[in-house]
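Notes to accompany the following structure.
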Amino acid sequence: MAGVVLDGVFKQYTNNVTAVRDLNLDIKDREFLVLVGPSGCGKSTALRMIAGLEDISQGDLFIGQRRVNDVAPKDRDIAMVFQSYALYPHMSVYDNMAFGLKLRKTPKSEIDQRVQEAARILGIQQFLDRKPKALSGGQRQRVALGRAIVREPQVFLMDEPLSNLDAKLRVQTRSEISRLHQRVQTTTIYVTHDQTEAMTMGDRIAVMRDGVLQQLDTPETLYDSPANVFVAGFIGSPAMNFFDVQVEGDGGLYLTHEAFRIEVPGRMRNEVGQYAGREVILGVRPENIDVIVDTSGPAANIKVDVVEPLGNENVLYLLAGDQQFVARVAPECRVSPGQSVAVAFDLDKVHVFDKETEKTVIQ
């Protein structure tokens, strides 16, 4: 096993497009690290540089203690699982899994032992004699995983391996990959644009945007303490709500919007106080909003726009003036489009960001 280190890595193409800019990652031995971000953010390019499929323009890449910038892909001791499975259609499942070992002239008995063990781990023993065309998408993906496992590499690289599966199968295969990692304990770098995959699978998550690493941390920390507006809005579903609010010191310290006014929580009073008289961005997650239907209490100045009943919860699209925002509430909260309601934010869980830099005011 081995860790992977990217030290100041850049990828610049001949047309002066920089796909990855000053990427620094220290991926620990046996860690499951997820690279996540929107399309075009540089995550797949970073993975391909680790695999040796893209040259590094600047910086250093280490696998274990070895600098591998100029090492051929076949000599990096990595195995890659692609989005498209990349199985040989004319070969059986067994031969697909064994092919790389045969090229390395691995003894036949050892090939059989490795293939049978990988098939047992993945539950595909009964498919070993079949051709890929006779398998479902999920079964083909397991074969692709098996082909990577039998090589016993130092590092697994996975490039959006679930994106071709339907929603139900994606959830199932996601758990299988997590369980597989727990068993084989191989350092794994996993690329996806799906933040739910990232949150449920990764020991740590690296969030990228426009080729730049935005934040690297555990799923819990990314969710609870996002470094900036982009990370806050990318992690979480439905996404965090953002409001432009004025910081006012009027016998206290308040965040004022045209539709509501809240007192600044004590935990961030000092930091937010420095913005008195200026605008900041208030971030509130949908699950941290209470909707108050009883209009005898707070002023009912929020309009219900759309109601999505999901059985275990209701997702409400609300209007604060012209701005739409989202709340997740219990199914017992029954409201109708056009109805006036009031809202209350969980002040222990709100976030405040600098409007110019979009960085968090307080972690």
Side-chain angles (χ1 to χ4, degrees), residues 1 30 32-35 44 47-48 50-51 53 73-74 76-194 196-198 200-203:
M1 306 300 175
R30 302 174 187 267
F32 195 118
L33 181 100
V34 179
L35 286 170
S44 289
L47 193 77
R48 290 173 64 83
I50 296 170
L53 303 177
K74 66 182 179 63
R76 294 192 181 195
D77 200 9
I78 54 96
M80 192 159 180
V81 179
F82 295 92
Q83 175 180 349
S84 60
Y85 317 139
L87 301 177
Y88 295 107
H90 62 288
M91 291 185 183
S92 67
V93 167
Y94 185 100
D95 289 335
N96 264 283
M97 293 172 65
F99 185 69
L101 298 179
K102 290 177 180 177
L103 289 180
R104 293 182 174 189
K105 296 185 169 36
T106 305
K108 189 173 181 181
S109 60
E110 184 178 346
I111 291 175
D112 188 64
Q113 182 268 325
R114 288 198 198 180
V115 170
Q116 294 292 344
E117 175 63 11
R120 185 186 64 79
I121 290 173
L122 293 165
I124 55 174
Q125 304 100 310
Q126 67 271 37
F127 305 134
L128 289 176
D129 294 329
R130 296 189 189 179
K131 299 284 179 65
K133 67 180 179 181
L135 305 178
S136 68
Q139 291 162 350
R140 291 180 196 178
Q141 192 55 272
R142 275 189 260 168
V143 175
L145 288 168
R147 183 178 55 192
I149 292 171
V150 297
R151 293 184 57 189
E152 298 180 356
Q154 292 191 88
V155 181
F156 285 142
L157 305 178
M158 301 190 184
D159 191 6
E160 305 210 35
L162 309 185
S163 60
N164 286 339
L165 305 180
D166 62 50
K168 183 178 180 180
L169 197 53
R170 203 157 52 232
V171 172
Q172 177 187 334
T173 311
R174 189 170 74 204
S175 65
E176 289 176 355
I177 291 175
S178 295
R179 190 160 55 246
L180 173 65
H181 179 256
Q182 291 168 12
R183 294 188 65 171
V184 301
Q185 291 289 294
T186 302
T187 306
T188 301
I189 305 171
Y190 185 104
V191 161
T192 181
H193 64 274
D194 186 328
T196 302
E197 278 182 30
T200 54
M201 299 177 75
D203 297 323

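FYI, the numbering just counts along the sequence from 1. No hydrogens, no waters, no symmetry mates; every other heavy atom, side chains included, goes into these values. All of these numbers come straight from a predicted model, not from anything done at the bench.
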Exercise. Do the side chain of Arg120 and the main chain of Gln125 share a donor and acceptor less than 3.5 angstrom apart?
Worked result: no

Problem set entry | Min side-chain heavy-atom separation Asn96-Pro132 under 4.5 Å | yes

For this session: Apply the side-chain contact (heavy atoms from CB on, under 4.5 Å) test between Val191 and each candidate in Leu33, Leu47, Val34; give the one that qualifies.
Result: Leu47

Problem set entry | Least distance between heavy atoms, Ala98 atom then Ile111 atom | CB-CG2, 3.5 Å

For this session: Could you tell me the separation between the CZ atom of Arg174 and the CG atom of Leu169, rounded to the nearest 0.5 Å?
Result: 11.5 Å

For this session: Kindly indicate whether the side chain of Phe127, heavy atoms from C-beta on, has any atom under 4.5 Å from the side chain of Leu135.
Result: yes

Exercise. Which atom pair, heavy atoms only, marks the closest approach of Ser178 to Met201?
Worked result: OG-CG, 3.8 Å

Problem set entry | Ion pair check, Arg114 and Glu117, cut-off under 4.0 Å | no

Problem set entry | Minimum-distance pair of heavy atoms, taken over all atoms of Asp203 and Arg30 | OD2-O, 4.3 Å

Problem set entry | Rounded distance (nearest 0.5 Å) linking atom CZ of Arg76 with atom CG of Leu157 | 9.5 Å

Problem set entry | side-chain contact (heavy atoms from CB on, under 4.5 Å) between Arg183 and Ile149, worked out | CA-CA 11 Å; Arg183 294 188 65 171; Ile149 292 171; over 6 Å; no

Problem set entry | Step-by-step side-chain contact (heavy atoms from CB on, under 4.5 Å) determination, Leu122 to Glu176 | CA-CA 8 Å; Leu122 293 165; Glu176 289 176 355; 5.9 Å; no

For this session: Report the distance from atom CD1 of Ile78 to atom CD1 of Ile189, rounding to the nearest 0.5 Å.
Result: 9.5 Å

For this session: For residues Met158 and Leu145, determine if any side-chain heavy atom of one lies less than 4.5 Å from a side-chain heavy atom of the other.
Result: yes

For this session: Verify the distance criterion only: is there a donor paired with an acceptor across the side chains of Glu197 and Thr192 at less than 3.5 Å?
Result: yes

Exercise. Are Tyr88 and Lys131 close enough that some pair of their side-chain heavy atoms sits under 4.5 Å apart?
Worked result: no

Exercise. Does the side chain of Val93 reach to within under 4.5 Å of the side chain of Gln139, using non-hydrogen atoms?
Worked result: no

Problem set entry | Candidate pair Leu162 and Ile177, rule side-chain contact (heavy atoms from CB on, under 4.5 Å), full reasoning | CA-CA 10 Å; Leu162 309 185; Ile177 291 175; 3.9 Å; yes

Exercise. side-chain contact (heavy atoms from CB on, under 4.5 Å) between Leu128 and Gln116: does it pass, once the steps are laid out?
Worked result: CA-CA 9 Å; Leu128 289 176; Gln116 294 292 344; 3.7 Å; yes

Exercise. Do Gln141 and Val81 have side chains that get closer than 4.5 Å, going by heavy atoms?
Worked result: yes

Exercise. Hey, what do you get for CD (Glu110) to CZ (Arg104), rounding to the nearest 0.5 Å?
Worked result: 10.5 Å

Exercise. Hey, are the side chains of Val143 and Met97 touching, using non-hydrogen atoms and a 4.5 Å cut-off?
Worked result: yes

Seminar exercise, completed: Between the NE2 atom in His193 and the OG atom in Ser44, the distance rounded to the nearest 0.5 Å is 10.5 Å

Exercise. Which pair of non-hydrogen atoms, one from Asp194 and one from Arg170, has the smallest distance, and what is that distance?
Worked result: OD2-NE, 4.3 Å

For this session: Output the distance between atom NZ (Lys133) and atom CZ (Arg140), rounded to the nearest 0.5 Å.
Result: 10.5 Å

Problem set entry | Presence of salt bridge, Asp95 and Lys102, under 4.0 angstrom | yes

For this session: Over 60° means perpendicular and under 30° means parallel, so classify the ring planes of Tyr190 and Phe32, tilted if in between.
Result: tilted

Exercise. Looking only at heavy atoms, which two atoms of Thr186 and Pro153 are closest? And how far apart?
Worked result: CG2-O, 3.6 Å

Problem set entry | Contact check, side chains of Lys74 and Leu103, non-hydrogen atoms, under 4.5 Å | no

